[in-house]
There are 2 protein chains.
Amino acid sequence: MSERGETAAPAAPLGRRAATKARTRQALLVAARRVFAERGYGPASVEEIARTAGVSVGSVYVHFASKEALFTALVEDQTSADVHHKAALVRGSARETFAALDQLVSDVADSREEALLDAEVWLYAVRHPEFAERLAEHEVRLARVATAELHRAWEDLDPAVRAAVRDDEFVVAAAALYHGLIRLRRVLGEDAVPGDLYSRVLRLLLRLPEDDDGAE
Amino acid sequence: MSERGETAAPAAPLGRRAATKARTRQALLVAARRVFAERGYGPASVEEIARTAGVSVGSVYVHFASKEALFTALVEDQTSADVHHKAALVRGSARETFAALDQLVSDVADSREEALLDAEVWLYAVRHPEFAERLAEHEVRLARVATAELHRAWEDLDPAVRAAVRDDEFVVAAAALYHGLIRLRRVLGEDAVPGDLYSRVLRLLLRLPEDDDGAE
DNA sequence: GTCTATACGGAGATAGAC
DNA sequence: GTCTATCTCCGTATAGAC
């Protein structure tokens, strides 16, 4: 997570200096997120990131060895936060989970920054195999959480479902649908890709009854 | 399709000059495809495209007004070919269609160039609204073909399916799944995203029987 | 129409003052 | 640690010869 080990140390007595440094680093990560998303990894300039963060170019290179290191550090931050965030979504009841997933699709698709950065990260991964492994690990981690959660209800599902796909395959399909809906919603708009389509398709796939909302 | 109207004229008497020009143009489009996919739109250099096509930088600007014009011309070519190609896939029997779709997912995902360019086009569209409209039109055209094809069997489907999603919504979901599976297959590999997963999930969604392959 | 040479701007990264 | 100034390279696009 940290460029050097020391940054991770919280420490009360270290005080002001370290705090300022940490704040600059954080500001750079936030700015980098904005600029990398908006311009793309290649065209994004370190100068614009520095300007957005309110620091000089020189400062950037004190915190990060290169533009590339800044990008990977940013992704590292994102992914670790992401896994916690998404894991929390599926912990509730089925109804809550589906509602949360619908919300997630809409939120990500409707946020330029999220949607763009997501695609940039994928492209970077495909072009940098060593980085791709880390992204794959992240996807696998997410899939494991989802599979474990799904497994709680797996035995109660319609046998026809279990005959057609394994639980881990279902999770892959659900993840694919998630990414694809976000992609299409950005191009086609919210009318063509309504906010509840994800849950409706998932329910249809799992052969679960519709959610009447009136009940509970 | 053409930079100027004249390029479109086939004409026998025009002969050699026009043919050479057309060949150069075509070579540039092929090279552009390779380079834009591999480097990304921003970092791709006109010099590398020219070198790959075996011509000089100056020649590029005779055929295309700018790097941007080259990119959009390329996409225009791709998309018009794409709609014909995909429309042909769904014209056969259900079994043939599903097999063709599985093949398509595998082919696109396993081709760096296809998968990368696809993502680049999407990113370019999100960053250039006027271009996004054209991409949206393309997606809509594809969706219309698919919806028309689906409609032939729609009335025979399980009522539970028709109650959960409209036909056009199903097409959107199928398209989303298509894009998502390609994306995940490139990161997770063919073991995690098997080549027949697409058809199996589509069949499960439509509540169609599995394909026994032995029958006919 | 194709080439070579070049104008012009902008990028990543570093040096050295404070 | 942060800044300003700069080195150095590479990009798009154009000019002008053939």
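Owing to the predicted nature of the structure, the values given are computational and were not obtained by experimental measurement. Computed over heavy atoms, backbone and side chain alike; hydrogens, waters and symmetry mates excluded. Below, read A as the first sequence line, B as the second, and so on, with proteins coming before strands; counting in each chain starts at 1.
Listed by chain and residue number, nothing satisfies the side-chain hydrogen bond (donor to acceptor under 3.5 Å, both in side chains) test with A:Arg144 (two or more places apart in sequence, or in another chain). Every salt bridge (Lys or Arg N to Asp or Glu O under 4.0 Å) that A:Glu47 has, sequence neighbours left out, goes to A:Arg51. For B:Arg39, the side-chain hydrogen bond (donor to acceptor under 3.5 Å, both in side chains) test picks out B:Glu48, with sequence neighbours left out.
Here ring pair (Phe, Tyr, Trp, His ring centres under 6.0 Å) pairs that include residues 107-131 of chain B, with residues two or more places apart or in two chains, are B:Tyr41-B:Tyr124, B:Phe71-B:Tyr124, B:Tyr124-B:His128, B:Tyr124-B:Phe131.
Straight-line distance from the CD atom of B:Glu68 to the P atom of D:dG11: 18 Å, rounded to whole Å. Per the geometry, CZ belonging to B:Arg23 stands 13 Å off C1' belonging to C:dG1, to the nearest Å.
At a non-hydrogen distance threshold of 4.0 Å, nothing from residues 35-51 of chain A comes into contact with DNA chain D.
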From CA spacing to verdict: side-chain hydrogen bond (donor to acceptor under 3.5 Å, both in side chains), B:Asp82, B:Gln78: CA-CA 6 Å; B:Asp82 191 53; B:Gln78 291 301 124; over 6 Å; no
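The residues B:Asp110 and B:Arg185 are annotated as salt-bridged, a charged nitrogen and a carboxylate oxygen being separated by less than 4.0 angstrom. Residues B:Arg183 and A:Asp118 are paired through a salt bridge, judged by an N-O separation under 4.0 Å between the basic side chain and the carboxylate.
A close approach under 4.0 Å does occur between a side-chain nitrogen or oxygen of B:Tyr61 and OP1 or OP2 of D:dA13.
Of the N and O atoms on the side chains of B:Thr147 and B:Asp168, not one donor lies less than 3.5 Å from an acceptor on the other residue.
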Using nucleotides 2-6 of chain D, report all nitrogen or oxygen pairs with the protein that are shorter than 3.5 Å.
| unit_1 | atom_1 | unit_2 | atom_2 | d |
| --- | --- | --- | --- | --- |
| D:dT2 | OP1 | A:Thr24 | OG1 | 2.6 |
| D:dT2 | OP2 | A:His63 | NE2 | 2.6 |
| D:dC3 | OP2 | A:Ser56 | N | 2.6 |
| D:dC3 | OP2 | A:Ser56 | OG | 2.9 |
| D:dC3 | OP2 | A:Ser59 | OG | 2.9 |
| D:dC3 | O5' | A:Ser56 | OG | 3.4 |

